[in-house]
Amino acid sequence: MRHLLLGLIVATGPATGALADTSLSINIELEDALVTTTSYQCGSEGALTIHYITTNDDILALVPVDDDPRVFAGVVSASGSRYVSGQFEWWSHGAEGTLRNVISEETLLDCTAPQ
């Protein structure tokens, strides 16, 4: 039985003002999951590799943002595939992909997967 374990460390500030480390692990059964990897070319920004994890219940994408891997959750999209993580959105349609900061309405990367 194969598992994927995603670990995130979050710094939290309790009411006292002191910082404590909190960790979160997500355990996903990969036995019935489809894991695919797509490499995109993003102009002068270089290559971007995305890992997609699809299970019966969840659709996730592991997307590096500023060289830190982030877990993006699949959300409803009228066209293509849309994933979000905090203020970031990864949208892919066919061979095209776009990373945006939806708060600042800034496009961070425009990418194309080689065919």
Side-chain angles (χ1 to χ4, degrees):
M1 196 177 321
R2 293 178 17 188
H3 294 275
L4 172 67
L5 185 63
L6 305 174
L8 305 173
I9 297 176
V10 180
T12 59
T16 63
L19 292 178
D21 288 333
T22 303
S23 65
L24 167 69
S25 296
I26 303 169
N27 192 15
I28 300 172
E29 284 281 337
L30 291 182
E31 188 171 288
D32 296 321
L34 174 63
V35 179
T36 58
T37 300
T38 303
S39 293
Y40 295 86
Q41 283 300 326
C42 306
S44 63
E45 299 295 325
L48 181 71
T49 300
I50 310 289
H51 302 283
Y52 297 98
I53 304 161
T54 306
T55 68
N56 290 334
D57 300 320
D58 299 298
I59 302 172
L60 303 173
L62 303 177
V63 180
V65 177
D66 295 329
D67 295 324
D68 289 326
R70 293 185 64 127
V71 178
F72 282 62
V75 296
V76 175
S77 174
S79 176
S81 299
R82 190 171 144 240
Y83 305 86
V84 295
S85 177
Q87 77 269 26
F88 300 106
E89 171 190 69
W90 172 254
W91 179 82
S92 64
H93 187 269
E96 305 297 315
T98 304
L99 181 64
R100 296 186 65 237
N101 181 325
V102 295
I103 301 297
S104 66
E105 298 182 1
E106 176 184 7
T107 297
L108 305 174
L109 295 172
D110 278 317
C111 307
T112 303
Q115 299 198 28

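As a basis for the values below, the full set of heavy atoms in this structure was taken, side chains included, without hydrogen atoms, waters or symmetry mates. Here the structure is a predicted model, which is why all the values come from computation and not from measurement.
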Enquirer: Keeping to residues at least two apart or across chains, list the disulfide bond (SG atoms under 2.5 Å apart) pairs with something in residues 50-115.
Expert: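 Residue pairs passing disulfide bond (SG atoms under 2.5 Å apart), neighbours aside: Cys42-Cys111.
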Enquirer: Quick one: list whatever passes side chain to side chain donor-acceptor pair (under 3.5 Å) with Ser85, sequence neighbours left out.
Expert: Arg70
Enquirer: Applying disulfide bond (SG atoms under 2.5 Å apart), which residue pairs with at least one partner in residues 77-107 are found, sequence neighbours left out?
Expert: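 Applying disulfide bond (SG atoms under 2.5 Å apart) to every pair that reaches into residues 77-107, excluding sequence neighbours, yields nothing.
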Enquirer: Return the set of residues passing side chain to side chain contact (heavy atoms under 4.5 Å, CB included) with Asp110 (not counting sequence neighbours), or none when no residue passes.
Expert: Thr98, Thr107
Enquirer: If you link I, L, V, M, F, W and Y whenever their side-chain heavy atoms are under 4.5 Å apart, who else ends up in the same group as Phe88?
Expert: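 Cluster partners of Phe88: Tyr40, Leu48, Ile50, Tyr52, Ile59, Val63, Val65, Phe72, Tyr83, Trp90, Leu99, Leu108, Leu109.
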Enquirer: My understanding is that only residues two or more places apart in sequence, or in another chain, count here; which of them pass side chain to side chain donor-acceptor pair (under 3.5 Å) with Arg100?
Expert: none
Enquirer: Of all heavy-atom pairs between Ser79 and Ser77, which one has the smallest distance, and what is that distance?
Expert: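 Taking Ser79 first and Ser77 second, the nearest heavy atoms are O-OG, 2.6 Å.
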Enquirer: If you apply the rule side-chain contact (heavy atoms from CB on, under 4.5 Å), what do you find for Thr37 with His51, and how did you get there?
Expert: CA-CA 4 Å; Thr37 300; His51 302 283; 2.8 Å; yes
Enquirer: Go through the structure and list residues passing side chain to side chain contact (heavy atoms under 4.5 Å, CB included) with Gln87, not counting sequence neighbours.
Expert: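 Asn101, Ile103.
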Enquirer: Can you list the other members of the hydrophobic cluster that holds Val76, where links are side-chain heavy atoms under 4.5 angstrom apart?
Expert: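 Reading the cluster by chain and number, Val76 sits alone, since nothing else belongs.
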Enquirer: Looking only at non-hydrogen atoms, find the nearest pair between Thr38 and Ala113 and report the distance.
Expert: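 In terms of heavy atoms, the two residues are closest at CG2-CB, 3.9 Å.
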Enquirer: Per the disulfide bond (SG atoms under 2.5 Å apart) rule, what does the pair list look like for residues 56-104, sequence neighbours excluded?
Expert: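 Found none.
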Enquirer: Drop me the distance from Asp32's CG to Asn56's CG, to the nearest 0.5 angstrom.
Expert: 6.5 Å
Enquirer: On a heavy-atom basis, which atom in Pro114 and which in Ser39 lie closest, and how many Å separate them?
Expert: CD-O, 3.3 Å
Enquirer: Under the 4.5 Å side-chain heavy-atom rule for ILVMFWY, direct or indirect, which residues accompany Leu34?
Expert: none
Enquirer: Not counting sequence neighbours, list each pair that qualifies as a disulfide bond (SG atoms under 2.5 Å apart) and has a residue in residues 48-94.
Expert: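 The answer is none; no pair qualifies.
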Enquirer: Sort and list the pairs that fulfil ring-ring contact (aromatic ring centres under 6.0 Å, His included) and have at least one residue in residues 92-115, not counting sequence neighbours.
Expert: Trp91-His93
